[in-house]
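Note that this is a predicted model, so its numbers are computed, not measured. For the single chain, residues carry numbers from 1 onward in sequence order.
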Amino acid sequence: MARMTRVCTPSPQPGPRRPWPVRFALIVFAWVATGGCAEFGYNRIQLGQEQREYEAAFPADKTRRTPDTLCCVERSALGQTDAMVVLLTRDRRVAGKLHARHIERDFGFRAETEYRLSGELDLTLIHLGMAGPIDALRAVADELTAAQDDAFVRAAQGWVAGGLVRLVQQWPHAGDAGPAYPRLADILEHIPAGGEARITVRPGGRLSVEYGHVVQR
């Protein structure tokens, strides 16, 4: 299913307060179960930020820099891979950020693959202000799958670009998935097709994108 929306988030209603040790335990458990310090750093990155504002967002040993991107990959012993790619302008400002999560679960009696992609793009900063949303996503995936010697960067950008390709494939009447598709043949075997896709158009030429799917076998 594909959706293009304008999102309005209602204010959360306060619930009953728990004693602080219980709240602390729940926070720690949620942090361990769903992501680590790299994801915490990713969530602090905002579109338009300058280098001094985000340069320490990711752990140094899990990060690579290229002329156009900042890439981070974090893996857990539980079969979870988080790949985060920050798109940068020539003066190293944040023009976009994308987070892909891939999880392989083996329950013994069945296995499960989960993939989620979410992110934000400033089409003006990445010089795609005149492009439609789908053409812009094709172009970003194309850039992320250009020839890259560093295997770490290639993996990080591949996990993200693969999600963009799956999103485009799921979008009604989108046509061709773009030039990135044949380059991603290997990684697309691990990213399930047919998931839920969402593109949210925001003021100022900004897009929010989401794609996700879980398959069991």
Side-chain angles (χ1 to χ4, degrees), residues 35-75 81-102 115-168 177-181 183-184 187 191 198-211:
C37 55
E39 185 181 0
F40 177 77
Y42 172 88
N43 290 334
R44 292 168 53 202
I45 295 174
Q46 303 295 322
L47 296 179
Q49 279 183 337
E50 298 179 353
Q51 185 171 357
R52 60 182 172 78
E53 298 176 280
Y54 66 78
E55 61 183 352
F58 298 136
D61 61 334
K62 299 176 182 178
T63 305
R64 297 288 189 279
R65 299 173 186 270
T66 78
D68 304 311
T69 62
L70 177 66
C71 302
C72 179
V73 177
E74 191 167 60
R75 296 181 174 89
T81 298
D82 286 275
M84 288 150 274
V85 175
V86 180
L87 308 180
L88 303 173
T89 63
R90 289 182 180 179
D91 60 355
R92 311 297 286 180
R93 291 173 63 201
V94 176
K97 63 175 198 172
L98 296 156
H99 175 199
R101 171 169 291 164
H102 175 263
Y115 177 87
R116 304 284 174 191
L117 173 75
S118 61
E120 300 174 82
L121 301 170
D122 186 319
L123 299 187
T124 301
L125 290 178
I126 57 177
H127 305 293
L128 291 170
M130 300 301 292
I134 294 300
D135 287 338
L137 298 185
R138 286 196 191 99
V140 171
D142 184 24
E143 288 293 320
L144 292 178
T145 54
Q148 176 56 248
D149 294 332
D150 189 321
F152 183 100
V153 174
R154 192 164 59 246
Q157 296 186 171
W159 280 117
V160 166
L164 294 176
V165 166
R166 290 301 192 209
L167 189 159
V168 171
Y181 177 72
R183 305 173 197 152
L184 292 166
I187 205 160
I191 301 177
R198 176 183 291 185
I199 300 172
T200 303
V201 179
R202 301 189 185 279
R206 294 185 173 188
L207 295 182
S208 294
V209 297
E210 297 175 65
Y211 175 81

Legend entry - Straight-line distance of Glu120 CD to Lys97 NZ, nearest 0.5 Å: 5.0 Å

Legend entry - CG/Asp61: more than 12 non-hydrogen atoms of other groups inside 6.0 Å: yes

Inset, instruction - Check step by step if side-chain contact (heavy atoms from CB on, under 4.5 Å) holds for Thr200 and Val209. - result: CA-CA 6 Å; Thr200 303; Val209 297; over 6 Å; no

Inset, instruction - List the atom of Thr145, the atom of Ala161, and the distance in Å for their closest heavy-atom pair. - result: CG2-CB, 3.7 Å

Inset, instruction - Can you measure from CD1 (Ile126) to CG (Leu88) and round to the nearest 0.5 angstrom? - result: 11.5 Å

Inset, instruction - Mind listing the closest non-hydrogen atom pair of Pro133 and Val201 along with its distance? - result: CG-CG2, 4.4 Å

Legend entry - Spacing of Arg206 atom CZ and Asp122 atom CG [to the nearest 0.5 Å]: 5.0 Å

Legend entry - NZ/NE/NH1/NH2 to OD/OE distance under 4.0 Å, Glu50 and Arg93: no

Legend entry - Student check: side-chain heavy atoms of Asp150 and Arg64 closer than 4.5 Å: yes

Legend entry - Smallest separation among heavy atoms of Val73 and Ala156, with atom names: CG2-CB, 3.5 Å

Inset, instruction - Search all heavy atoms of Phe152 against all heavy atoms of Thr63 and return the closest pair with its distance. - result: CZ-N, 4.1 Å

Inset, instruction - Indicate the ring-plane relationship of Phe58 and Tyr42, choosing parallel, tilted or perpendicular according to the 30° and 60° boundaries. - result: parallel

Legend entry - From CG (Leu98) to OG (Ser118), nearest 0.5 Å: 8.0 Å

Inset, instruction - Evaluate the side-chain proximity of Thr69 to Leu144: yes if any heavy-atom separation is below 4.5 Å, no if none is. - result: yes

Inset, instruction - Answer yes or no: does atom OH of Tyr181 have more than 12 heavy-atom neighbours from other residues, nucleotides or ligands under 6.0 Å? - result: no

Legend entry - Over all atoms of both residues, closest heavy-atom pair of Val160 and Tyr115: O-OH, 4.1 Å

Legend entry - Nearest-0.5 Å distance that lies between atom CE in Met130 and atom OG1 in Thr124: 10.5 Å

Inset, instruction - With rounding to the nearest 0.5 Å, note down the distance linking CG in Asp68 to CD in Gln157. - result: 8.5 Å

Legend entry - Electrostatic pair Arg183-Asp142, nearest N-O below 4.0 angstrom: yes

Legend entry - Residue pair Arg166 / Leu164, side-chain heavy-atom distance below 4.5 Å: no

Inset, instruction - Please test Leu70 against Leu87 for side-chain contact (heavy atoms from CB on, under 4.5 Å), starting from the C-alpha separation and ending with a verdict. - result: CA-CA 7 Å; Leu70 177 66; Leu87 308 180; over 6 Å; no

Legend entry - Note, Val165 side chain near Ile191 side chain (heavy atom, < 4.5 Å): no

Inset, instruction - Decide yes or no for Arg138 and Val168: does some side-chain heavy atom of the first lie under 4.5 Å from some side-chain heavy atom of the second? - result: yes

Inset, instruction - Determine, step by step, whether Met84 and Cys71 satisfy the side-chain contact (heavy atoms from CB on, under 4.5 Å) criterion, reporting the C-alpha distance in whole Å, the side-chain angles of both residues, the deciding distance to 0.1 Å, and the verdict. - result: CA-CA 6 Å; Met84 288 150 274; Cys71 302; over 6 Å; no

Inset, instruction - Determine the minimum heavy-atom distance between Leu123 and Ala136, stating which atoms define it. - result: CD2-CB, 3.8 Å

Inset, instruction - Begin with the C-alpha distance, continue with both residues' side-chain angles, and end with the deciding distance and a verdict on side-chain contact (heavy atoms from CB on, under 4.5 Å) for Arg92 and Arg52. - result: CA-CA 9 Å; Arg92 311 297 286 180; Arg52 60 182 172 78; over 6 Å; no

Inset, instruction - Pick out which of Arg101, Arg116, His102 makes a side-chain hydrogen bond (donor to acceptor under 3.5 Å, both in side chains) with Asp82. - result: Arg101

